[in-house]
S.K.: 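One structure follows; several queries about it will come next.
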2 protein chains.
Amino acid sequence: MGRSTSRLANDAWEALLTAHAVLIKQMAATEVWNELSMREYDVLYTLSKCPEPVRARELTRHVLLSQPALSRMVDRLIGRGFIARDPDPADGRGVLLSLTEPGRAIQRRVGGRHAVDIACLVRDRLDPAELRTLEELCHKLATDDNEETS
Amino acid sequence: MGRSTSRLANDAWEALLTAHAVLIKQMAATEVWNELSMREYDVLYTLSKCPEPVRARELTRHVLLSQPALSRMVDRLIGRGFIARDPDPADGRGVLLSLTEPGRAIQRRVGGRHAVDIACLVRDRLDPAELRTLEELCHKLATDDNEETS
DNA sequence: TTGAGATAGATGCAAACGCATGGATATACG
DNA sequence: CGTATATCCATGCGTTTGCATCTATCTCAA
């Protein structure tokens with residue numbers, strides 16, 4: 001008590017930032033990322049959760065990359081045969097991105113190994129109830145107010 | 001209920017990752033970063049919390065940058081007059097980094113504006129009790145087990 | 001229908017990154 | 001004391017990033 005709401009918000013954000021940095025560093029140190037960098041995995045993982053092909057613009061919103069950076073990363077992932085890019089029949093400007101079978105396979109393989117690391121790093125520090133609470137709070141935090149009306 | 005602990009851990013981590021990405025993107029879109037990029041601010045902010053000069057190695061641990069990337073960022077920040085680099089009298093290999101007065105000034109200025117953004121983005125979504133809980137859970141998460149014995 | 005403005009994605013280019021490595025100093029051990 | 005090994009930071013180099021900009025397409029109003 002005594003801390004203003006603003007101070008509380010900043011302290012919580014800094015704690016989240018620190019937790020993110022610490023865990024990312026520890027995860028980056030594992031042997032999981034030999035065939036796929038974390039950023040590349042992030043793109044494939046996001047795609048893997050989309051039942052249908054997605055617009056590149058949509059992907060940019062969910063991945064921490066600028067639009068040109070994503071565009072070129074897509075080029076590279078296409079070159080490696082992991083994703084496909086097709087014109088959007090509903091919008092001549094847009095492209096639709098989707099995982100190929102090899103792309104889905106490598107995402108599953110890397111994702112499986114990564115999930116083990118996550119569990120090892122997180123399980124020792126938070127119990128199930130805390131994990132659920134953290135998940136709920138982060139979901140609230142991630143609520144994009146401009147996205148609700150869609 | 002029904003989700004295994006591993007599943008819980010992965011879901012919580014994904015939620016944290018998403019919250020981080022969403023908020024970072026929204027913060028990056030503000031006018032705060034004209035004179036200092038977020039990564040540069042991160043370095044200056046970390047330095048600002050150190051009462052004494054810090055070793056570069058120590059800074060690398062707290063900032064999400066590789067050692068060479070930090071080394072060069074330090075070069076640039078020195079060139080702009082924001083930080084100072086001196087040899088460590090206790091260890092001929094090491095360097096000690098510290099904020100200069102202009103560096104402290106710009107960190108305070110940018111930090112002040114940034115804090116307003118943080119408060120605006122976070123306050124609407126979590127109440128004070130939730131903020132405190134989130135901070136506590138993130139602190140637990142960030143506990144580096146290899147750092148306790150120092 | 002057409003012309004102005006908005007939006008999607010690609011590309012040129014300089015800046016910044018990570019990996020591998022090098023030179024210098026500290027530490028451990030015979 | 002001397003040599004092997006580890007640690008710290010800087011630098012070479014190829015890759016990736018972000019900013020600005022370009023082209024193409026869509027939207028909407030006159």
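Below, chains carry the letters A, B, ... as their sequence lines are ordered, and counting in each starts from 1.
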S.K.: Can you measure A:L59 atom CG to C:dA8 atom P for me and round it to whole angstrom units?
M.R.: 14 Å
S.K.: Of the non-hydrogen atoms in B:A19 and A:L141, which two are nearest, and what is the gap between them?
M.R.: CB-CB, 4.1 Å
S.K.: Roughly how far, to the nearest 0.5 Å, is CG of A:L16 from CG of A:D11?
M.R.: 12.5 Å
S.K.: So which atom in B:R113 and which in B:E35 form the shortest heavy-atom distance, rounded to 0.1 Å?
M.R.: NH2-OE2, 2.6 Å
S.K.: Determine yes or no for a side-chain-to-main-chain donor-acceptor pair under 3.5 angstrom, with B:T60 supplying the side chain and B:A56 the backbone.
M.R.: yes
S.K.: Got a sec: does the CZ of B:R108 have more than 12 other heavy atoms crowding it under 6.0 Å?
M.R.: no
S.K.: Sequence neighbours excluded, which residues qualify as ring pair (Phe, Tyr, Trp, His ring centres under 6.0 Å) partners of A:Y41?
M.R.: A:W33, A:Y45, A:H114
S.K.: Considering residues at least two apart in sequence or located in another chain, which fulfil the salt bridge (Lys or Arg N to Asp or Glu O under 4.0 Å) criterion with A:E14?
M.R.: B:K49
S.K.: Between which nucleotides of DNA chain D, read 5' to 3', does contact with chain A run, using atoms under 4.0 Å from its heavy atoms?
M.R.: D:dT16 to D:dC26
S.K.: Taking atom CG of B:L97 and atom CG of B:L44, what is their separation to the nearest 0.5 Å?
M.R.: 11.0 Å
S.K.: Which heavy atom in B:T46 sits nearest to a heavy atom in B:C50, and how many Å separate them?
M.R.: O-SG, 3.4 Å
S.K.: Quick one, A:E135 with A:R132, criterion salt bridge (charged side-chain N to carboxylate O under 4.0 Å, His left out). Give me CA distance, side-chain angles, the key distance, then yes/no.
M.R.: CA-CA 5 Å; A:E135 183 185 350; A:R132 261 185 270 257; over 6 Å; no
S.K.: Which heavy-atom pair separates B:A142 from A:T18 by the least distance, and what is that distance?
M.R.: CB-CG2, 4.0 Å
S.K.: Is there a side-chain polar atom (N or O) of A:S71 under 4.0 Å from OP1 or OP2 of C:dA10?
M.R.: yes
S.K.: Can you build the contact string for nucleotides 14-22 of chain C? Use B for base contact, S for sugar-phosphate-only contact, and - for no protein heavy atom under 4.0 Å.
M.R.: --SSBBB--
S.K.: Using a heavy-atom distance cut-off of less than 4.0 Å, which residues of residues 86-96 of chain A contact DNA chain D?
M.R.: A:D91, A:G92, A:R93
S.K.: At their closest point, which heavy atom of A:V95 faces which heavy atom of A:R85, and how far apart are they?
M.R.: CB-CG, 3.7 Å
S.K.: Work out how much the helix from C:dT1-D:dA30 to C:dG30-D:dC1 bends between its end axes, five pairs an end, to the nearest 10 degrees.
M.R.: 30°
S.K.: Which heavy atom of B:L64 sits nearest to which heavy atom of B:D42, and what is that distance?
M.R.: N-OD2, 4.4 Å
